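The basis for the numbers below is simple: all heavy atoms, side chains too, and nothing from hydrogens, waters or symmetry mates. Here is the naming used below: chain letters follow the sequence lines, and residue numbers restart at 1 for every chain. Computed from a predicted model, the values in this text were never measured in an experiment.
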Amino acid sequence: MSGTPPMAKRMADIVALCKRRGFLFQSSEIYGGLNGFWDYGPLGVELKRNIKDAWWRDMVLGHNELDAPAGAPSAYEMTGLDATIIMHPQIWKCSGHYDLFHDFMVDCRESKKRYRHDQVRGRWAEFEGERIFVATTVEAAEEDEDTRRRAMKHFKLRPKDAERLALSDTFTSLDRVDDMTRVLGPDAKSLGTLTPPREFNLMFKTFVGALSGEEGAAFLRPETAQGIFVNFKNVVDSTRVRVPFGIAQIGKSFRNEITPRNFTFRSREFEQMEIEFFCRPTTSAEWYRYWRDRRMRWYLELGLGGDRLRLREHDRDELSHYSTGTADIEYAFPFLPPGEFGELEGIAHRGDFDLRSHMEGKLDPATNPLRLEVDSDGKPRWRGSGKDLSYRDDLTNDRFVPHVIEPSAGADRAALAFLCEAYHEDEAPDEDGVMRKRAVLRFHPRLAPIKAAVFPLVKKDGMPEIAKEVYSTLKRRLSVFYDEKGAVGRRYRRQDEAGTPYCITVDGQTLVDRTVTLRDRDSLEQCRIRIDDCVSEIETRIGGA
RNA sequence: GCGGGUGUAGCUCAAUGGUAGAGCGUUGGCUUCCCAAGCCAAACACGAGGGUUCGAUUCCCUUCACCCGCUCCA
């Protein structure tokens, strides 16, 4: 490990703790693992469930539609949805994923660079009967100069011989070139270094029906959002919700990442927590700001903070043409270089792109106002559903296609961020007063997999019996853990590593007055409370902490 | 996808072309009235496949996974 940067070492410690205590395991580990897939162990599943439950409660169930929350333009409604992972294949064509995720890539054996096949352009150059295709990826304004210069260099021509080089006037896409051996790669010095185009399927393909022919081909969803858009009309027709309102969904999504890396950060199977919030076009900018700030505050409330969490508003040139705003909530994960942040959640103003694409056919995101994307015959590139997804306000009687604000969060990334944020090493004195290192996960009590542990101080004098009684009472309401084995100090430390915020210990005085000690994970302080107050005390601390 | 590194017990690490060890952790027992204590005992490992060899955890090849750097990142 020599030479390992301190933060990478810290990340390695976190990964080791996750495995040791049962937060995260590599998927299929006994068979050697599977790249980009991770399993949640007994503690991890509780952590992730708590995160998802907190999100659902705070965004959906706990939302009061009767009052406008602070910062919101008006009161609004929230509802939930659970759509299938496999949906009609046309959905991904209209959403844009099919085009974006079905790239043909070429690799350059010389420069080791990888290009999207359709994004490499170039033109033919001929000198003394030898004809080569000079490829480039520079901006259109510089194409002429770049390809001319590199063609000259390839044929070892001096400036005065420039007119002996025949250059075609038109630039074409690399996908029009059949013979890759005649291609000079954008960053190559020798000819024919590009591999033949290879298909990259960023969406997982599967087959519906027992007979697996292309007509049954379908995809595992690469995002949960489309399940919401295609159910927009169903929700409006069945629930009496009125714009503005949001539909929330938690579920698995799948992307065939080219390079899964960084523990669970870029997994191929992952879970999203998404809201599509539908509002009037005229108020969409205000709603965008509300959701951006609301979502940022949610992470802060659950303990992510300091300079490791930031809200990054996208620059204008990063935005889609139709969008008036996109922000990322980002966390400085320990595996990233100092100063770099990884995305936890994106909050995007999506205009009416999605609903209209599912009505009319895929729109061209490069246009504003949005126009239908057409093929060379002027026909829609991808046909929409043809269904009317506009919304009629029956009070004002006007009809419009709602605009959408999309807060899209990664549940696994949130879990990883909360784990990294919670991880602390500190020193605490042992019974001889010697300082010993301890690892402690300082989860927000709402997120902690185990809320409290119950111990008899020693395994005799009737203490286990009372402790079991306390445990049984708590277990009806809370995730708790009972432990009577070994020294009490070791039991405390075990709970510290699991992130358990409170430990309740039955001791000699309990036998006298039915009080127990309540030990705080972070301060190590203890106070005495009555056995009968245990449930309310812990619940108060979790709720109010 | 490319280059480099690493795979030995749950974890951290040894050793070895010929019976694979330790510390910590885990489990059981004893002791123990507050922060990984002590004593006794036990279980658990050479990532996978192939090759060389009388014999491979060790040497070679392939593969898988993880880490670092590039590349990619809707």
Side-chain angles (χ1 to χ4, degrees), chain A residues 1-5 8-9 11-13 15-22 25-38 41 92 95-103 105-116 187 195 198 200 202-203 222-223 225 253 255-263 265-266 320 335 337 342-343 346 348 365 408 427-440 455-461 463 484-497 503-511 516-521 524-526 528:
Chain A
M1 279 286 190
S2 66
T4 307
K9 170 72 170 71
M11 194 62 215
D13 289 340
V15 173
L17 179 103
C18 283
K19 165 119 200 243
R20 188 168 71 242
R21 290 302 187 201
F25 307 124
Q26 205 179 356
S27 169
S28 318
E29 189 181 314
I30 61 169
Y31 283 101
L34 190 60
N35 191 303
F37 295 90
W38 298 89
W92 308 112
S95 72
H97 290 89
Y98 185 84
D99 292 337
L100 272 168
F101 284 21
H102 260 82
D103 294 335
M105 310 284 275
V106 293
D107 290 308
C108 179
R109 298 187 189 92
E110 183 188 308
S111 68
K112 307 300 183 195
K113 286 187 184 296
R114 169 176 291 164
Y115 315 96
R116 270 177 62 174
D187 301 279
T195 62
R198 285 177 288 187
F200 274 70
L202 266 53
M203 283 195 290
E223 64 170 35
S253 293
R255 295 180 188 182
N256 241 329
E257 299 288 350
I258 295 170
T259 314
R261 266 298 157 95
N262 291 332
F263 204 24
F265 183 77
R266 181 168 286 125
S320 306
F335 50 75
E343 182 182 342
S408 170
E427 294 199 322
D430 68 10
E431 65 172 9
D432 300 321
V434 180
M435 295 306 278
R436 304 282 298 242
K437 194 179 102 169
R438 73 164 183 160
V440 53
F455 309 144
L457 184 59
V458 292
K459 202 167 70 173
K460 61 178 186 183
D461 300 338
M463 290 181 204
E484 61 178 25
K485 301 191 186 79
V488 73
R490 187 190 311 229
R491 286 178 264 158
Y492 284 143
R493 296 300 172 91
R494 267 198 288 253
Q495 294 306 315
D496 290 339
E497 274 201 346
C503 292
I504 290 167
T505 304
V506 169
D507 58 15
Q509 197 174 331
T510 309
L511 308 172
V516 291
T517 64
L518 181 68
R519 178 252 196 194
D520 180 88
R521 175 194 65 203
L524 303 181
E525 284 170 4
Q526 295 185 31
R528 292 205 78 86

(request) Determine the Euclidean distance between corresponding C1' atoms of B:C59 and B:U71; express it in Å to zero decimal places. (result) 34 Å
(request) Output the single nucleotide from B:G69, B:U32, B:C11 whose closest atom is nearest the side chain of A:K459. (result) B:U32
(request) Return yes if the base of B:C73 and the side-chain atoms of A:E257 contain a donor-acceptor N/O pair under 3.5 Å, otherwise no. (result) no
(request) When you get a sec, tell me which of B:C11, B:C33, B:C34 is the closest nucleotide to the side chain of A:T517? (result) B:C34
(request) Tell me which nucleotide among B:U32, B:C35, B:C68 gets nearest to the side chain of A:K460. (result) B:U32
(message) On the nucleotide B:U26, are OP1 or OP2 found under 4.0 Å from the side-chain N or O atoms that A:R490 carries?
(response) yes
(message) Using the rule given for side chain to side chain contact (heavy atoms under 4.5 Å, CB included), can you reason through A:Q495 versus A:F455, listing the C-alpha separation, both sets of side-chain angles and the distance that settles it, and then say yes or no?
(response) CA-CA 11 Å; A:Q495 294 306 315; A:F455 309 144; 3.8 Å; yes
(message) Could you tell me how far apart A:Q26 (CD) and B:G7 (P) are, to the nearest whole angstrom?
(response) 16 Å
(request) Would you kindly give the CZ-to-P distance between A:R261 and B:G1, to the nearest whole Å? (result) 11 Å
(request) With C1' as the reference atom in both, quote the distance from B:G4 to B:C73 in angstrom, rounded to an integer. (result) 23 Å
(message) Taking only the C1' atom of each, what is the distance from B:U57 to B:G49 in whole angstrom?
(response) 15 Å
(message) For A:M463 and A:L457: C-alpha separation, side-chain torsions, deciding distance, then whether side chain to side chain contact (heavy atoms under 4.5 Å, CB included) applies.
(response) CA-CA 7 Å; A:M463 290 181 204; A:L457 184 59; 4.1 Å; yes
(message) In this structure, how many angstroms lie between the C1' atom of B:C24 and the CZ atom of A:R493, rounded?
(response) 14 Å
(request) Let me know the distance between CZ of A:R20 and P of B:A9, rounded to the nearest Å. (result) 15 Å
(request) Under 4.0 Å between any heavy atoms, over every strand shown, what does A:R519 touch: base, sugar-phosphate, or nothing? Just pick one. (result) base
(message) Can you confirm whether A:T505 sits close enough to A:Y492 that some side-chain heavy atom of one is under 4.5 Å from a side-chain heavy atom of the other?
(response) yes
(message) Is it the case that the base of B:C34 and the side chain of A:D507 share a donor-acceptor contact (distance under 3.5 Å, atom types as modelled)?
(response) yes
(request) Would you check if the side chain of A:D507 reaches a backbone N or O of A:Q509 as a donor-acceptor pair within less than 3.5 Å? (result) yes
(request) Give the minimum heavy-atom separation between A:P222 and A:H97, together with the two atoms involved. (result) CG-CD2, 3.7 Å
(request) For A:R490 and A:K485, run side chain to side chain contact (heavy atoms under 4.5 Å, CB included): C-alpha distance rounded to whole Å, both residues' side-chain angles, the deciding distance at 0.1 Å, then the answer. (result) CA-CA 9 Å; A:R490 187 190 311 229; A:K485 301 191 186 79; over 6 Å; no
(request) Would you kindly give the CG-to-P distance between A:L17 and B:C11, to the nearest whole Å? (result) 12 Å
(request) Please state the P separation for the pair B:G28 and B:U16 - nearest whole angstrom. (result) 37 Å
(message) Measure CD1/A:I30 against P/B:C46 and give the value in whole Å, please.
(response) 13 Å
(request) Answer with yes or no whether A:R21 presents, from its side chain, a donor or acceptor under 3.5 Å of a partner atom in the base of B:G25. (result) no
(request) Please figure out whether A:V458 or A:A487 has its closest RNA chain B nucleotide nearer the 5' end. (result) A:V458
(request) Please work out the stems of RNA chain B from pairs that are Watson-Crick or G-U wobble with both distances under 3.5 Å, keeping only runs of three or more consecutive pairs. (result) B:1-7 with B:64-70, B:10-13 with B:21-24, B:26-30 with B:38-42, B:47-51 with B:59-63
(request) Could you tell me whether the side chain of A:Y492 has a donor or acceptor atom within less than 3.5 Å of a complementary atom in the base of B:C34? (result) yes
(request) Among A:F335, A:W38, A:F37, find the one that has a ring pair (Phe, Tyr, Trp, His ring centres under 6.0 Å) with A:F263. (result) A:W38
(request) With heavy atoms under 4.0 Å as the rule, sort A:E343 into base, sugar-phosphate or nothing. (result) nothing
(request) With C1' as the reference atom in both, quote the distance from B:G51 to B:U58 in angstrom, rounded to an integer. (result) 15 Å
(message) With a cut-off of less than 4.0 Å, is there a side-chain N or O of A:N35 near OP1 or OP2 of B:C64?
(response) no
(request) Would you kindly give the CG-to-C1' distance between A:L34 and B:U63, to the nearest whole Å? (result) 14 Å
(request) Using the C1' atom as the reference point in each nucleotide, state the distance between B:A9 and B:A14 in Å, no decimals. (result) 13 Å
(message) Once rounded to the nearest 0.5 Å, what's the spacing between atom OG1 of A:T510 and atom CZ of A:R528?
(response) 5.0 Å
(request) Give a yes/no on whether any side-chain N or O of A:K19 is located under 4.0 angstrom from OP1 or OP2 of B:C11. (result) yes
(message) If I take atom CZ from residue A:R266 and atom CD from residue A:E257, how far apart are they, to the nearest 0.5 angstrom?
(response) 5.5 Å
(request) Could you work out the separation of B:C68 and B:C34 based on their C1' atoms and round it to a whole Å? (result) 44 Å
(request) Report the C-alpha distance between A:R521 and A:V440 in whole Å, list the side-chain angles of each, state the deciding distance to 0.1 Å, and finish with yes or no for side chain to side chain contact (heavy atoms under 4.5 Å, CB included). (result) CA-CA 8 Å; A:R521 175 194 65 203; A:V440 53; 3.7 Å; yes
(message) Mind checking if A:F37 touches a base, just sugar-phosphate, or nothing, with heavy atoms under 4.0 Å?
(response) nothing
(message) If I pick the C1' atom on B:A22 and the same atom on B:C46, what distance separates them, to the nearest angstrom?
(response) 16 Å
(request) Determine the contact category for A:Q526: base if any of its heavy atoms lies under 4.0 Å from a base atom, sugar-phosphate if only primed atoms, P, OP1 or OP2 are that close, otherwise nothing. (result) base
(request) Starting from C1' on B:C34, measure out to CZ on A:R528 and report it in whole angstrom. (result) 11 Å
